[in-house]
Amino acid sequence: MPQSKKNDGMIMQAGILAVAGIIVRIIGLLYNSPMAVILGDEGIGYYNMAYNAYTIVLLISSYSIPSAISKVIAQKLAAKEYRNAHRIFKCALIYVLVVGGIASLFVFFGAGLLVQVEYAVLPLKVLAPTIFFSGILGVLRGYFQAHRSMVQTSLSQIVEQILNAVFSILMAYLLTKAMSSRPESEQLSYGAAGGAIGTGVGVLTALLFMLGMYALNRKMILRRVKRDRTPFDDSYGEVMKMIIMVVTPFILSTFIYNANVFINQTIYENILMRQKNLADTLIASQMGIAGKAVKISNIPIALASAMATALIPGISSDFARRDLDGVKGKVAKSMKVTMLIAIPAAVGIGVLAKPIMWVLYPQKSSIDLSSALLSVLAVSVVFYSMSTLSNAVLQSIGKLNSPLINAALALAIQSGALAAMLLFLDESYAPYYYIIAMACYSLLISIFNSISIRKNLKYRQEMGNTFLKPFLSAAVMGVVAFGVYHGLYALLPVNILALFVSVVVAVIVYFVLVIRMGAMTEDELSGMPKGKMLVRIAKKLHLMKETRDGYDGFNEMDDSDNFDRKKVPDIEDDDYWLDD
């Protein structure tokens with residue numbers, strides 16, 4: 001199979017997962033708006049504190065399972081060892097049942113150790129069983145992702161978030177009303193616990209969906225296992241050892257990479273409560289306001305997460321075959337596509353922060369602060385996208401310790417910076433310090449990861465089409481979007497209408513500029529979801545030349561490499577049976 005076709009397939013699979021990820025995050029924002037009305041900034045703060053602590057334990061127990069499992073199974077599938085691939089799947093299930101069970105019990109009985117604010121304990125206890133179900137769900141998603149099929153994972157994510165949204169709103173409302181005779185903070189704590197119930201219902205429903213998908217494909221799975229002519233079987237002991245050896249670095253690097261939110265929250269709570277003597281209800285409100293900005297900024301990062309998920313099986317297979325050109329081509333194309341979306345998204349969020357916040361979180365008392373925090377955090381969209389993608393690259397080529405070391409170093413620097421700002425600067429600006437620390441962390445880890453990739457792959461990302469042209473196009477787009485919004489709002493003061501029109505105009509302006517500047521070729525555009533339609537539009541508007549230019553997307557730092565490239569037959573078509 002030609003390399004360009006493989007890359008386009010990877011981009012398409014990533015696009016499917018990215019669309020699902022964006023839909024999931026939009027649903028999350030939409031249901032967070034009524035949740036904010038029901039619970040207020042204080043109640044949302046209790047929920048966010050509990051959820052951040054839950055996320056940390058989930059990271060340790062099962063969050064990295066899909067990526068880790070997809071990596072090891074993809075390597076077996078590349079060698080057509082279907083029987084061994086299925087053994088890995090079964091052992092992974094045993095692993096998550098044990099680890100997830102222990103983690104769930106720890107969270108339930110140790111909730112008071114994980115959160116400092118009393119009223120966040122109850123929602124954290126309610127979240128505990130969800131950890132157990134998440135592990136099983138992660139193994140099933142990883143198994144399908146190893147076959148380079150993202151449809152099942154995408155659909156399960158959408159199903160999960162829809163049920164999460166419905167039951168979170170419903171249970172938060174019912175429990176808040178049921179506890180209306182209790183003190184306000186206790187009432188809001190129960191409401192936050194209702195939101196936690198919704199999270200559990202969503203995960204359980206997604207698990208049932210994925211079990212159904214596996215059941216539909218079970219006969220095909222077992223038939224391929226039976227046809228396998230591999231002369232040896234990995235023992236279950238060897239498989240379990242391999243899972244632990246691969247999963248552990250994934251867990252540690254992912255844990256440290258994502259632990260900054262929980263660690264920042266812990267530093268924030270301890271210093272402001274114990275050193276600055278601020279009330280815990282005020283701190284909860286500030287965390288709730290900052291959480292709004294974080295949720296919005298996470299939407300465009302969905303593309304990088306999806307690209308990373310789609311990237312791991314392909315790069316792992318290419319690297320196992322010693323196909324360094326294939327590895328570099330995938331990295332180059334995925335980084336370029338990610339930046340083509342992340343850069344304008346960051347600019348758009350930055351210049352339209354307040355209109356966006358008015359639509360999603362229209363609480364008048366905190367709108368100015370939440371909008372300002374979102375504008376500051378917007379730059380992290382680019383750096384988090386880069387670091388998420390580069391993490392996946394390093395893990396895929398077996399450099400599992402590099403993301404761990406890089407994340408730990410970045411975490412130590414940003415934690416020290418946050419503590420210093422909270423201790424020695426005016427505490428009235430504390431929410432800004434929290435957001436600035438997050439932005440610095442994303443910058444540091446993207447720099448450290450880029451250095452590691454350059455060192456290990458002798459690879460340097462092309463700069464002009466990947467970064468410079470999208471940035472210039474996005475800068476012009478940002479000026480236009482800002483002007484259109486404020487001009488239209490002055491004539492017709494309807495926020496959502498002015499925002500919608502300005503976003504549509506911004507998308508058109510960016511699309512025209514990025515094509516005219518030559519930042520994207522026809523091959524790259526057609527490889528994206530609905531890409532062929534976009535190519536036809538670009539040609540009708542005379543924005544794109546008729547030629548189909550090839551693109552390598554990376555600069556060789558050294559013409560020679562130490563690998564003995566072997567030509568390996570392409571994967572047979574039946575390796576993609578899960579794409580249906």
What is the distance from atom [atom1] of [X] to atom [atom2] of [Y], rounded to the nearest 0.5 Å?
X	Y	atom1	atom2	answer
Glu160	Thr199	CD	OG1	8.5 Å
Leu278	Ile283	CG	CD1	5.5 Å
Ser442	Met386	OG	CE	10.0 Å
Tyr51	Leu127	OH	CG	8.0 Å
Phe108	Phe132	CZ	CZ	15.5 Å
Leu389	Ile301	CG	CD1	12.5 Å

Exercise. Which residue pairs satisfy the side-chain hydrogen bond (donor to acceptor under 3.5 Å, both in side chains) criterion with at least one member in residues 403-416, sequence neighbours excluded?
Worked result: Asn264-Gln414, Asn406-Asn449, Asn406-Ser452
Kindly indicate whether the side chain of [X], heavy atoms from C-beta on, has any atom under 4.5 Å from the side chain of [Y].
X	Y	result
Met477	Leu513	no
Leu374	Val294	no
Leu188	Tyr119	no
Val351	Val479	no
Val57	Leu114	yes
Ser189	Pro123	yes
Pro300	Ile349	yes
Lys336	Thr466	yes

Are more than 12 heavy atoms, taken from residues, nucleotides or ligands other than [X], located less than 6.0 Å from that residue's [atom1] atom?
X	atom1	value
Phe511	CZ	yes
Lys276	NZ	yes
Glu184	CD	no

Problem set entry | Pairs flagged by ring-ring contact (aromatic ring centres under 6.0 Å, His included) wherever residues 431-457 is involved - sequence neighbours left out | Tyr268-Tyr434
Would a distance-only check, ignoring hydrogens and angles, find a side-chain to backbone donor-acceptor pair under 3.5 Å from [X] to [Y]?
X	Y	value
Ser375	Gly350	yes
Ser370	Ile367	yes
Lys469	Met517	yes
Gln265	Glu269	no
Ser387	Ile445	no

For this session: Would you sort out whether Ile197 and Leu175 count as a side-chain contact (heavy atoms from CB on, under 4.5 Å), showing the intermediate values?
Result: CA-CA 11 Å; Ile197 292 173; Leu175 288 181; 4.2 Å; yes
Enumerate donor-acceptor pairs with a distance under 3.5 Å from any side-chain N or O in residues 34-43 to protein atoms, sequence neighbours excluded.
unit_1: Asp41; atom_1: OD1; unit_2: Lys292; atom_2: NZ; d: 2.8
unit_1: Asp41; atom_1: OD2; unit_2: Ser366; atom_2: OG; d: 3.2
unit_1: Glu42; atom_1: OE2; unit_2: Tyr46; atom_2: OH; d: 2.6
unit_1: Glu42; atom_1: OE2; unit_2: Ser185; atom_2: OG; d: 2.8

For this session: Could you note down all residue pairs passing salt bridge (charged side-chain N to carboxylate O under 4.0 Å, His left out) where residues 362-372 supplies at least one of them, sequence neighbours left out?
Result: Lys354-Asp368
For this session: Enumerate the residue pairs fulfilling salt bridge (charged side-chain N to carboxylate O under 4.0 Å, His left out) with a member in residues 370-390, sequence neighbours excluded, ordered by first and then second residue.
Result: none
What are the two closest heavy atoms between [X] and [Y], and how far apart are they?
X	Y	answer
Phe467	Ile343	O-CD1, 3.9 Å
Ala50	Leu124	O-CD1, 3.4 Å
Leu369	Pro431	CD2-CG, 4.3 Å
Ala284	Met49	CA-CE, 3.6 Å
Val347	Gly478	CG1-CA, 3.7 Å
Ser371	Met357	OG-CB, 3.6 Å

Considering residues at least two apart in sequence or located in another chain, which fulfil the side-chain hydrogen bond (donor to acceptor under 3.5 Å, both in side chains) criterion with [X]?
X	result
Ser168	Asn164
Asp280	none
Asp426	Ser428

Could you give the side-chain donor-acceptor pairs of residues 490-507 under 3.5 Å, partners two or more places apart or in another chain?
unit_1: Asn495; atom_1: OD1; unit_2: Tyr485; atom_2: OH; d: 2.6
unit_1: Asn495; atom_1: ND2; unit_2: Pro355; atom_2: O; d: 3.2
unit_1: Ser502; atom_1: OG; unit_2: Ala498; atom_2: O; d: 3.1
unit_1: Ser502; atom_1: OG; unit_2: Leu499; atom_2: O; d: 2.8

Problem set entry | Qualifying residues under salt bridge (Lys or Arg N to Asp or Glu O under 4.0 Å), relative to Lys399, sequence neighbours excluded | none
Seminar exercise, completed: Taken in chain and number order and not counting sequence neighbours, the residues that satisfy salt bridge (Lys or Arg N to Asp or Glu O under 4.0 Å) with Glu118 are none
For this session: Step by step, work out the side-chain contact (heavy atoms from CB on, under 4.5 Å) result for Leu340 and Tyr510.
Result: CA-CA 10 Å; Leu340 282 167; Tyr510 179 76; 3.8 Å; yes
Exercise. Who are the ring-ring contact (aromatic ring centres under 6.0 Å, His included) partners of Phe482, not counting sequence neighbours?
Worked result: His486
Problem set entry | side-chain contact (heavy atoms from CB on, under 4.5 Å) between Val261 and Met438, worked out | CA-CA 8 Å; Val261 175; Met438 291 187 67; 4.1 Å; yes
For this session: Consider only side-chain N and O atoms of Gln161 and Gln157, and report whether a donor and an acceptor are under 3.5 Å apart.
Result: no
Problem set entry | Stepwise side-chain contact (heavy atoms from CB on, under 4.5 Å) test for Phe109 and Ser104 | CA-CA 9 Å; Phe109 292 106; Ser104 295; over 6 Å; no
